[in-house]
Protein chains: 2
Amino acid sequence: MNVSTATVSLALRDSPLVAEQTRERIKDHARAIGYIYNRRAASLRTSRSGIVGVVVHDIMNPFFAEILKAIESELDRSRQTFILSNHYDQLEKQRTFIDTLLQLGADGVIMSPAIGTPPEDIIVAEENGLPAVLIARTVEGAQVPVFRGDDAYGTALATNHLISLGHKRIAMVGGTDQTSTGRDRYHGYLGAMEKAGLPVDPAWRISGPRTKQGGFEAAGQFLALKDKPTAACCWNDLVAIGLMNGISRAGLVPGVDVSVTGYDDLEEAAIATPALTTVWNGQREVGRQAARALLDKLSGASVKPSQELIRPELHVRQSTARPVERS
Amino acid sequence: MNVSTATVSLALRDSPLVAEQTRERIKDHARAIGYIYNRRAASLRTSRSGIVGVVVHDIMNPFFAEILKAIESELDRSRQTFILSNHYDQLEKQRTFIDTLLQLGADGVIMSPAIGTPPEDIIVAEENGLPAVLIARTVEGAQVPVFRGDDAYGTALATNHLISLGHKRIAMVGGTDQTSTGRDRYHGYLGAMEKAGLPVDPAWRISGPRTKQGGFEAAGQFLALKDKPTAACCWNDLVAIGLMNGISRAGLVPGVDVSVTGYDDLEEAAIATPALTTVWNGQREVGRQAARALLDKLSGASVKPSQELIRPELHVRQSTARPVERS
DNA sequence: CTGAAAGCGCTTACAG
DNA sequence: CTGAAAGCGCTTACAG
């Protein structure tokens, strides 16, 4: 060939500094010998890796499915490789992952922070050249952009819907107060009840469940409540569907004997039996905007550490109806 | 500090070549200045990256959840970083991913190959130093280890169970003949029917659906069959649950009017209404063994390109019962 | 037990 | 438009 490595390097990256003919000749030859570009070497030199990390509680949770898909398609477009990881709400796992990203020289990270994430964890990452963007949950004190749904508004939507149907005793099933999301959703429910002048019995708060299995198991507790509520405002669709399954198993009919609302509007909500009334959470938007914000940061734009709240929408289906007064 | 970089390098990796005192001094100092190990540089030098790629159709599909978790925990133990990707059964996406792995100098790849993967794709990867292990699906002609369930045996289990309950007209809903899995499962069903001397109407094969949504939509087609089958042997749990939802929506009772079997035994199968009779597929074993095999390959052991078939088990629940003869 | 030197495969000024 | 040289941050023989 008789060209210098510099020329090869430029040619392969389509630099106009190389004559078209030379460029083609080099490219053909590269293809012919099965040349494999060594990104480690390039990255070592440029300190850009083309890698973006994404870490959430559990990538297998369908709640994240749409978010991740949106992130994936945004990043694909910018030819960034993305590395996914679960932290299962364990700070240690999250730290190990961030460490790995730093060692690999990742360009940035999108994270749904684990419960108890101190702002320092994020600050340290940023100081070491790993810009971060948060999704779904906030970390107080971390000066980074956050993208999530307006959770308080969303559960208020669901609760108001139940109230307007005539329900007065409404339980809130699932979720935990240890996350900003959990607190916000609970407050949305409380606020709606208060505004309607309805009393709230602390026993109506069944906290904890976050999965279908959890919702299923919570059915027993729910059905055993004295002065049983006529409706349940659930933490998410998984809990709602599990709860409905548990209610069916006990011989009652969800959507008739007990009204149930979900949260997230998973694909599954529409085909559940009965079809689930739920709150659409804008997951796709969350993913898209978070990825965009990170890419902006990477290209040097100054992204201010704002809270972006996506406005949820109520999707009414068959799992909610007027209360049946048993006398 | 006054030590050479060589000493630092050795000290940080706990080499016995460095005096304990020196080692501690170096480590303390590294911590103090917030030293971050540069894996790109190390990898460039050693040509070992500590990265393993995993690519499947869709990581959000719950079928892969247990497999991925098992792989994750095996790889974690060997301190390998794993990079996950979806190929959505698009060869191009799969190729791009393998290319990325090659460029990053990944140590190996575990893949559930996309439909139509030619053996060359795998051979090229291996020749470029990226050993591969397959899960769930086989690629004829690729000399690599494969780990999957014994699909034909599994659907035969389900079909025989239905036959033993007295069903004679049994449909097979979902899946595609374009994958080895699809063909194997269909053959298991066919074989069981034949062995029992039962005729099979080609119209009973409703191929295609692989998701809950797909199963839900297939309900219409199933219920419209002339001489409607009394049972459906489904491609997987998602299809089965979707089908049951569709059957309910049409006013029939799954598990009574129509018996339904699933495949995979997802967590969800046990809490479906009715609880789903299904075939446990040994996902955890598949993931564990595949990861082990790859790690063995990485550590230089010679791993023969065998087919490892995990033996499935039937889990009987409430979605199957004797046929109701309507006269 | 520790240090000086070479080299992994790129990219980027700098010369020509 | 092309080439020679330096350097990114490690690890690994090799000397001492």
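Just so we're on the same page: letters track the sequence lines, and every chain starts at 1.
Ser9(B) and Arg13(B) share a side-chain donor-acceptor pair at under 3.5 Å. Using modelled atom types, one finds no donor on one side chain facing an acceptor on the other under 3.5 Å when comparing Arg137(B) with Thr117(B). With no hydrogens or angles considered, no side-chain donor-acceptor pair links Thr176(B) and Arg210(B) at under 3.5 Å.
Along DNA chain D, the nucleotide nearest to Val18(A) and the one nearest to Leu10(B) differ in position, and the one closer to the 5' end is contacted by Val18(A).
Phosphate proximity of dG3(D) to Ser4(A): present, with a side-chain N or O under 4.0 Å from OP1 or OP2. Residue Arg45(A) places no side-chain N or O under 4.0 Å from the OP1 or OP2 atom of dT12(C). One finds a side-chain N or O of Thr22(B) lying less than 4.0 angstrom from the OP1 or OP2 phosphate oxygen of dT2(C). Thr5(A) has no side-chain polar atom (N or O) that falls below the 4.0 Å cut-off from OP1 or OP2 of dC10(C). For Arg13(B), a side-chain nitrogen or oxygen approaches OP1 or OP2 of dT12(D) to under 4.0 Å. For dG3(C), one of the phosphate oxygens OP1 or OP2 lies less than 4.0 angstrom from a side-chain nitrogen or oxygen of Thr7(B).
Looking at heavy-atom distances under 4.0 Å, Leu12(B) makes no contact with the nucleic acid at all. Using a 4.0 Å heavy-atom cutoff across all strands shown, Ala19(B) reaches sugar-phosphate atoms only and no base atom. The residue Ala42(A) sits close only to the backbone: its heavy atoms come under 4.0 Å of sugar-phosphate atoms, none of a base. Using a 4.0 Å heavy-atom cutoff across all strands shown, Thr46(A) reaches sugar-phosphate atoms only and no base atom.
Atom P of nucleotide dC8(D) and atom CD1 of Ile36(B) are separated by 17 Å, given to the nearest angstrom. Computed from coordinates, the Arg40(A) CZ to dC8(C) C1' distance equals 9 Å when rounded to whole Å. Residue Arg25(A) contributes atom CZ, which lies 13 Å from atom C1' of dC1(D) at whole-angstrom precision. Rounding to whole angstrom units, CG of residue Leu102(A) and P of dG9(D) are separated by 15 Å. Distance Gln103(A) CD to dC8(D) P: 20 Å, rounded to the nearest Å. Per the geometry, CD1 belonging to Ile26(B) stands 13 Å off P belonging to dT11(D), to the nearest Å. For Leu17(A) and dG3(D), the CG to P distance is 13 Å, given to the nearest whole Å. Rounded to a whole Å, the CG atom of Leu104(B) is 13 Å from the P atom of dC10(C).
The nucleotide whose nearest atom lies closest to any side-chain atom of Ala6(A) is, among dT2(D), dT12(C), dC10(D), dT12(C). Ranking dC10(D), dG9(C), dT12(D) by closeness to the Tyr37(B) side chain, first place goes to dC10(D). Listed nucleotides dC8(C), dC10(C), dT2(D) differ in distance to Leu44(B); the shortest reach to its side chain belongs to dC8(C).
Summarising the geometry of Leu295(B) relative to Gln80(B), their closest heavy-atom pair is CD2-CG, 4.2 Å, with the distance given to 0.1 Å. Heavy atoms only, all atoms of each residue included: Val144(A) and Ile122(A) are closest at CG1-CG2, 4.0 Å.
Between His57(B) and His87(B), the ring planes lie tilted relative to each other; the angle falls in the 30° to 60° range.
Taken together, the paired segments of DNA chain D that extend over three or more consecutive Watson-Crick or G-U pairs, each closer than 3.5 Å at both contacts, are C:1-3 with D:14-16, C:5-12 with D:5-12, C:14-16 with D:1-3.
Separating the OG atom in Ser47(B) from the CG atom in Asp107(B) is a distance of 9.0 Å, to the nearest 0.5 Å.
Using a cutoff of 4.0 Å between basic side-chain nitrogens and carboxylate oxygens, Glu72(A) and Lys69(A) are not scored as salt-bridged.
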